[in-house]
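For reference, the structure discussed in these notes is given below.
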Amino acid sequence: TGASVPPACLAIRGGTEARGQVVESTIRRLDREAKASTRLRKSLARDWNRLGPCVGKAADYLRATFCVLNREYLASDYMLSMLACFFFWNRGRPRRSQAEQIRKWFWATSVGSRYSGRDFNRCVPEDLKYFKKLATSPTRAFRYKPQVEPVDVRKTQYAAATAITSAVYCMLLRRGPVHLFDDGLNPIPIDRYSTRANRKDRHHVFPRGPLMHEEISPALYNSIANICLLVAEENQKVGSQRPRNYMRDLRDEFNGFSRKMARHLIPFDDASGVWERNTARGFRRFLEQRTEMICSALENEAGIRLFRR
C-alpha cells in the first residue's frame, strides 16, 4: 500500500500503549511486516476500511450527544479515537446502557483531564480495555474516582485550551443558551459558537472594566466561572455596566428573567453577588456561587460525582 499503519489501528489490533517510542516502533514493525505479507496487508486494509467510518460516527455522536462542535470543544483528540474504537468493536450505535457509561466517561475524562499529564499513560490503556469489554458487556460500569476540586474550575481561564474549559462550554451549550435582551426564552443557535470568529460571544457576567478599577486580578475576572454564552451584539450592549445595573434592566424590562438566568446558570436570588453594591465583594461572592452551580451542573450531566469536596 505504501501508506503507514494508522495509529488507531494499533488499538483495534490489541495495542494498549498510549504514545511515544513504543507506539512508533510498533507502527514501524507492522509496516515492515505488512510489506512482506499480502495476508497482513489485506487484514490491515479490512480493519482500516471498517475503522474509518467509525471515526465519523464517533465525531457525529460527540456533537449530537455532548455538543462537541469542533476540536476546540474536545478535551483530547484521544477521546475521538477511543470512541471510534468502541464503535468498531460494538459494530453499531451504543445501546441505552452503553450510552449511559459513555456519558460518565465523557464528563469524567473532560473534567478530570484524564488524557493529559501524569494520568495519560494510565488512563488511555485502561480505557481501551474498558471499551472493548463494554462492547461485549453492555452493562459494565465505568468507574471514576474524582481527581479535581471546585477550585480547579474557578482557576480555569475562559480562553485557555484545557480539558475543564472544554467541559464547561459543552455543558453550557447542552443547556441551550438563550438571548437576554428580548421577551421570552429564545434560543441562540449553537452553531454560532463553532468558529473562532465568534469569541465575542463569551460574555463576562462581571465585565472586566469595573473589576480592573477595583484591582481584581485578570486570573479572577477571566475565570470561566465569570463567563456565559451570549451573542456579540448583547455582549456589546452590556459593555462595562455593573451587573446590578444591567441585570435590573433585564429583570424590569423583559419577560422570562428567572428562566433566562437559570438557563445560563447565573445566580439571581436576593443573596446573589450580582446585586451587591460593592463590586469587588459582590464579584467574589458571585464567583463562589457560580463555581458551585457549574460543578453541580457538570455532575448532573455525568450522573456521577466529579469533584472532591
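The aromatic ring centres of Y221 and F283 sit 6.0 Å or more apart.
Inter-residue side-chain proximity for R208 and N222 is flagged as met; some heavy-atom pair is nearer than 4.5 Å. Looking only at side-chain heavy atoms (C-beta outward), I224 and Y169 come within less than 4.5 Å of each other. Looking at heavy atoms from C-beta onward, L69 lies out of side-chain contact with R192 at the 4.5 angstrom threshold. Residues F206 and I216 are not in side-chain contact: their nearest non-hydrogen atoms beyond the backbone lie 4.5 Å or more apart. Looking only at side-chain heavy atoms (C-beta outward), L265 and M171 come within less than 4.5 Å of each other. A 4.5 Å side-chain heavy-atom check between V151 and R154 finds at least one atom pair inside the cut-off. Between L306 and V148 there is no side-chain heavy-atom pair separated by less than 4.5 Å. Looking at heavy atoms from C-beta onward, E299 lies out of side-chain contact with V111 at the 4.5 angstrom threshold.
Between the side chains of H204 and N226, no donor-acceptor pair of N or O atoms lies under 3.5 Å. Residues D127 and Y78 bring no donor and acceptor atom of their side chains to less than 3.5 Å of each other.
Qualifying side-chain contact (heavy atoms from CB on, under 4.5 Å) partners for R259, counting only residues two or more places apart in sequence or in other chains: L185. For S217, the side-chain contact (heavy atoms from CB on, under 4.5 Å) partners are A219, L220, not counting sequence neighbours.
Salt-bridge check for E126 with R143: failed, with every basic side-chain N at 4.0 Å or more from each acidic carboxylate O. The pair R122-D119 meets the salt-bridge criterion, with a side-chain N (NZ, NE, NH1 or NH2) lying under 4.0 Å from an Asp/Glu carboxylate O.
Within 6.0 Å of atom CZ in R308, more than 12 heavy atoms from other residues, nucleotides or ligands are found, so the atom counts as buried in its surroundings. Dense packing is recorded around CD of E276, with more than 12 heavy atoms of other residues, nucleotides or ligands lying under 6.0 Å away. Heavy atoms of other residues, nucleotides or ligands lying less than 6.0 angstrom from CZ of R277 number 12 at most. Atom NZ of K104 has more than 12 heavy atoms from other residues, nucleotides or ligands within 6.0 Å.
Checked by atom type and distance alone, the side chain of Q98 pairs as donor or acceptor with a backbone atom of L134 at under 3.5 Å. Of the possible polar contacts, none joining the S113 side chain to the A163 backbone as a donor-acceptor pair under 3.5 Å is found.
Between F106 and F66, the ring planes lie parallel to each other; the angle is under 30°, not in the 30° to 60° tilted range. F257 and W275 have tilted rings, their planes meeting at an angle from 30° to 60° on a 0 to 90° scale.
Test W105, W89, F87 against F131 for ring-ring contact (aromatic ring centres under 6.0 Å, His included) and you get one pass: W105.
The two residues Y144 and P146 come nearest to each other via the heavy atoms CE2-CA, 3.6 Å. A pairwise comparison of heavy atoms in L172 and P177 identifies O-CD, 3.8 Å as the closest pair. Of all the heavy atoms in P94 and Y61, the pair that sits closest is CG-CE1, 3.9 Å. Between E292 and R309, the closest heavy-atom pair is OE2-NH2, 3.3 Å.
Screening residues 236-255 for salt bridge (Lys or Arg N to Asp or Glu O under 4.0 Å), with sequence neighbours left out, gives no hits.
Hydrophobic clustering keeps L173 apart from I266 (ILVMFWY residues linked when any side-chain heavy atoms are closer than 4.5 Å, directly or through intermediates). Grouping the Ile, Leu, Val, Met, Phe, Trp and Tyr side chains by contacts below 4.5 angstrom, directly or via other members, places L229 apart from Y246.
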